[in-house]
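I have a structure I would like to understand better, so I am pasting it below and will then ask my questions one at a time.
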Amino acid sequence: MTTFSLDPGPDQIAVRDWLHGFAADVVRPAAAEWDEREETPWPVIQEAAKLGIYSLDFYAQQFFDPSGVGIPIAMEELFWGDAGIGLAITGTTLAAVAVLANGTDEQIGTWAPQMFGTPEDVKLGAFCSSEPDAGSDVSALRTRAVYDQAKDEWVINGTKTWATNGGIAHVHVVVATVDPELGSRGQASFIVPPGTAGLSQGQKFKKHGIRASHTAEVVLDGVRVPGHCLLGGKEKLDARLARAREGARGGGKNAAMATFEASRPAVGAQAIGIARAAYEVALDYAKTRVQFGKPIIENQGVAFQLADMKTRIDAARLLVWRASWMAVNNQPFTSAEGSMSKLYAGETAKFVTAQAMQILGGNGFTREYPVERMHRDSAIYTVFEGTSEIQRLVIARAISGAPIR
Ligand SMILES: Cc1cc2nc3c(=O)[nH]c(=O)nc-3n(C[C@H](O)[C@H](O)[C@H](O)COP(=O)(O)OP(=O)(O)OC[C@H]3O[C@@H](n4cnc5c(N)ncnc54)[C@H](O)[C@@H]3O)c2cc1C
């Protein structure tokens, strides 16, 4: 275990500066175009792949960096560049984390690299948990996986929604119920390999923000996957289900929740990237925009807004770094520190980007300046990976031990 430190060390600083260069030179200049086009920015992902930024190796290196803050630093810089493109570049990691959290070593070795492809032939991964009637309430999933023992295959039927990269991904990770009576404890995650018959993309959503990231329904109609596509394997699942049926406490972790726990600080760091970007634009603007014969920052009313924005960004980053360090060092989240970090960072991004629009006045309301896009992008950070209300629920339960609903 490493000691928690606010100095990420020379290696992480070098990575931060490298990513900042990519975000400033490649991502930021392309942001407005891909936001308008509402399409996956393949050329930017390819460029990231060529540089080694879109690769399993890169994320694995950051994830296992002993400082514990490799992933938050990487996310903050990429999303400082642009959140829509940032999510197009990093959306695959949600599926990869699902495999890392629930898969065997062999499954990780087989499927995680395939989600990224190669710099010459870039691929994507998608994590499909949410359904039309099961968003915050993950226990209500209806997508059903039934084991066909004769063929050693799982047959999956259902409709997933809101899947980042859904339908355009090479590899889909699908959470399905194998025993509906057990609620979330009766669920498992499955790999759906490339080209599997029966998986198709449903509606692609037109969104308020992060429009360069593809979000769509995924329809699973009689999808058959080999037995080895059950993440973690059948033996482990059977043991977990048996414990759950006996009503044993701690009968194994819920598949979707295990993924979310591991990824919340990273999502918080994305929100910080957006907030920092908007804050910097607003600070520059406030120093140069002159009204009543002086720069508007010389008004306490404007300067105090910037002071609050910077304070909240730094506070959010401290929460995210702590949670990320705890996760890497296997520290138990006794007060739901992962949820705390995502809650505070998501709300900070919405607050800071709204304040930035206000500081830019009429310009803040136009697409000539990036803060309106940043504000639109920030709005998802109080919704996905658990809404702010759900984060509060998780924290409240953790600190009280009470069955709060
Ligand atoms: C752009 C985008 C990308 C996404 N990417 C993915 C993805 O890749 N994979 C995936 O599986 N999912 C993804 N999601 C789904 C996302 O995680 C869900 O939208 C989110 O969990 C909320 O679910 P819901 O939309 O059904 O809202 P609901 O659960 O219906 O919530 C509606 C409102 O009720 C509140 N609420 C619900 N229950 C409670 C409660 N108990 N107490 C207090 N308030 C409550 C919520 O906080 C919210 O304000 C994505 C969503 C979007 C919009």
Side-chain angles (χ1 to χ4, degrees), residues 35 38-40 79 83-99 101-102 115 124-143 158-169 171-177 183-184 187 189-190 192 201-220 254-264 266-268 270-271 274 339 342-343 346-347 349-350 376-397 402-405:
D35 174 58
E38 294 196 47
E39 287 168 9
T40 300
F79 283 70
I85 295 177
L87 203 62
I89 294 174
T90 59
T92 295
T93 59
L94 193 55
V97 167
V99 177
N102 302 301
M115 291 180 183
L124 301 172
F127 175 69
C128 311
S129 172
S130 303
E131 296 180 4
D133 292 325
S136 300
D137 184 5
V138 179
S139 67
L141 294 188
R142 285 200 197 146
T143 295
T159 301
K160 294 292 177 183
T161 193
W162 308 124
T164 300
N165 298 335
I168 62 168
V171 179
H172 291 75
V173 177
V174 171
V175 185
T177 179
S184 56
Q187 295 170 356
S189 295
F190 297 86
V192 180
Q201 182 187 304
Q203 179 189 2
K204 178 189 169 188
F205 295 104
K206 290 180 86 69
K207 304 195 299 290
H208 175 70
I210 52 160
R211 301 198 302 185
S213 168
H214 171 104
T215 316
E217 290 174 335
V218 172
V219 180
L220 301 135
N254 166 274
M257 293 318 290
T259 304
F260 288 141
E261 270 168 40
S263 55
R264 274 182 182 151
V267 176
Q270 298 172 1
I274 304 172
S339 292
K342 194 269 178 182
L343 167 66
E347 303 220 326
K350 256 172 116 170
R376 285 188 284 108
D377 291 345
S378 75
I380 193 60
Y381 284 86
T382 59
V383 175
F384 69 5
E385 292 270 325
T387 65
S388 284
E389 292 73 26
I390 294 303
Q391 309 299 343
R392 290 191 172 91
L393 200 63
V394 173
I395 298 163
R397 284 178 185 159
I404 300 162
R405 297 264 149 235

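Just so you know, these numbers use all the heavy atoms, side chains as well, and skip hydrogens, waters and symmetry mates. Order of listing sets the numbers, starting from 1, for every ligand and every atom in it.
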side-chain hydrogen bond (donor to acceptor under 3.5 Å, both in side chains) against Ser388, all qualifying residues, sequence neighbours excluded: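 Applying side-chain hydrogen bond (donor to acceptor under 3.5 Å, both in side chains) to Ser388 gives Glu347.
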Relative to the heavy atoms of Glu385, which atoms of ligand 1 are at a distance of less than 4.0 Å?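 Close to Glu385: 17 (O).
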Pull out every atom of ligand 1 sitting under 4.0 Å from any heavy atom of Ile210, numbered as shown with elements.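 Those atoms are 1 (C).
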Donor + acceptor pair across side chains of Arg142, Thr177 (<3.5 Å):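 Judged by distance alone, the side chains do not pair up.
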Part of Val175 within contact of ligand 1 (heavy atoms, under 4.0 Å):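 Neither part.
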Side-chain heavy-atom pair Thr143, Val175 within 4.5 angstrom cut-off: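 Of all side-chain heavy-atom pairs linking Val175 with Thr143, none is under 4.5 Å.
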Polar contact flag for Ala163 and ligand 1 (N/O pairs, less than 3.5 Å):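 It does not: no N or O of Ala163 is found under 3.5 Å from an N or O of ligand 1.
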Just let me know how Asp137 lines up against ligand 1, side chain, backbone, both or neither, with a heavy-atom cut-off below 4.0 Å.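 The answer is neither; Asp137 stays 4.0 Å or more away.
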Lys207 contact mode with ligand 1 (heavy-atom cut-off under 4.0 Å):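 Side chain only.
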Quick one: does Arg405 get an N or O within less than 3.5 Å of an N or O on ligand 1?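 Among all N and O atoms of Arg405, none is under 3.5 Å from an N or O of ligand 1.
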Thr215-ligand 1 polar pair, N/O distance under 3.5 Å: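 The answer is no, given that Thr215 and ligand 1 share no N or O pair closer than 3.5 Å.
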Tell me the contacting part of Thr164 for ligand 1: side chain, backbone, both, or neither, using a 4.0 Å heavy-atom threshold, strictly below.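 It is both parts that get close, each with some atom under 4.0 Å.
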Which one of Ile380, Ile274, Thr164, Asp35 satisfies the side-chain contact (heavy atoms from CB on, under 4.5 Å) criterion with Ile210?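 When Ile380, Ile274, Thr164, Asp35 are each tested with Ile210, the side-chain contact (heavy atoms from CB on, under 4.5 Å) holds only for Ile380.
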Give the minimum heavy-atom separation between Val267 and Tyr381, together with the two atoms involved.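 Val267 and Tyr381 have their closest heavy atoms at O-CE2, 3.5 Å.
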Ignoring hydrogens, just give me the one of Ser130, Gly386, Pro132 whose non-hydrogen atom is nearest atom 11 (O) of ligand 1.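 Residue with the shortest heavy-atom distance to the ligand atom: Ser130.
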Pick, from Gly84, Ser136, Ser213, the option with the minimum heavy-atom distance to atom 31 (O) of ligand 1.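 Answer by nearest heavy atom: Ser136.
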Looking at the rings of Trp162 and Phe205, which for Trp means the six-membered one, are their centres under 6.0 Å apart?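 Yes, the ring centres sit under 6.0 Å apart.
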Ignoring hydrogens, just give me the one of Thr161, Thr387, Val174 whose non-hydrogen atom is nearest atom 48 (C) of ligand 1.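 The option holding the nearest heavy atom is Thr387.
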Give a yes or no on whether the backbone of Gly386 and the side-chain of Lys342 come within a donor-acceptor separation of less than 3.5 Å.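 Indeed, once roles are kept as given, a pair shorter than 3.5 Å links the two residues.
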Which donor-acceptor pairs under 3.5 Å do the side chains of residues 134-141 make with protein atoms, sequence neighbours left out?
| from | atom 1 | to | atom 2 | distance (Å) |
| --- | --- | --- | --- | --- |
| Asp137 | OD1 | Ser139 | N | 3.3 |
| Asp137 | OD1 | Ser139 | OG | 2.6 |

